[in-house]
Amino acid sequence: MMDGNVLVLNRLWQAVNICSVQRGVSLLYLGHAQVILEEGGAFSTFGFEDWKDFSKRTATEEDEVVKTVSFKIKIPRIILLLFYDRLPRNEVKFTRKNIFERDGNRCQYCGKKFETKELNLDHVLPKSRGGLTTWKNIVCSCISCNARKGGRTLKEADMRLIKKPRKPKWHPFIIVSFHKVKHESWEHFLDTAYWNVELEENEQ
Ligand SMILES: [Zn+2]
C-alpha cells in the first residue's frame, strides 16, 4: 500500500509541498525528515527508528502500512524536513491569463471591472518608446482607456495607474494540490495564519 500523499513541512512547520508516500518514507529513512503525528491536538515527532518501533507497537489491521523486506511501518501523513527552511518559489508564468488574474480583470487606468474579452493588454510605457513586455510594464486596460492613452506615456496622456504593476508571487501548484488531496491531519498546517498572511501580501 504505497498510495496517497504526504504533506511536507519545512523546519519552521510551514506546509511547503506534497509528496508521494514512497518519497516521504525515503526521506524519513535517510534521516532528512521526521514524521509528525497528531493526537488529540498535540503533535509529536518521530525519527525513522522511533517510527518503526511505534508502528510495531501500535499498528492495527486497519492501518495503512509500508512493507519492505526489512521493515514494516505505518504510512506517515505529515513529515517535517530537517534541513529545508525556505518556501519553494514557484515562478508565476507570464501569461495573458495570469495578467488578467493579477489585475482582477480591472482596467488599471479607470479601475472598472470588465469581461476578459473587453480588456486589452497595454504597455504602460509604449513599445514605440522602448517599453518592454514584462510584468512591470503590462496591465489590463479597457478599450476606451486604451484608445484614450494611445501611443503616449502616462505623463503625456495625463493618466494614472490604480496600482503599480508587479510580478505576482503566488504558489499556484501548491494551493491547487492542497485543495485536491487533503487528509484531516493536514488541516492544522493548511489553515495556519502563515498561509493567510502570504496570500494577502501576494494579492496586493
Ligand atoms: Zn478603463
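Both ligands and their constituent atoms are indexed starting at 1 by order of listing.
Excluding waters, the protein N/O/S atoms found under 2.8 Å from the Zn ion (ligand 1) are Cys107 SG, Cys110 SG, Cys142 SG, Cys145 SG.
Annotation: salt bridge (Lys or Arg N to Asp or Glu O under 4.0 Å) contacts involving residues 124-138, sequence neighbours excluded, comprise Arg129-Glu156.
In this structure, the side chain of Lys149 engages the main chain of His123 through a donor-acceptor pair within 3.5 Å. For Asp103 (side chain) and Cys140 (main-chain N/O), a donor-acceptor pair under 3.5 Å exists by modelled atom type.
The NE2 atom of His32 sits 5.5 Å away from the CZ atom of Phe83 when rounded to the nearest 0.5 Å.
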Handout entry: Test log, rule side-chain contact (heavy atoms from CB on, under 4.5 Å), inputs Val65 and Ser55
Key = CA-CA 9 Å; Val65 293; Ser55 299; over 6 Å; no
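With Phe43 as the partner, the side-chain contact (heavy atoms from CB on, under 4.5 Å) test is satisfied by one option alone out of Ile36, Leu80, Leu37: Ile36.
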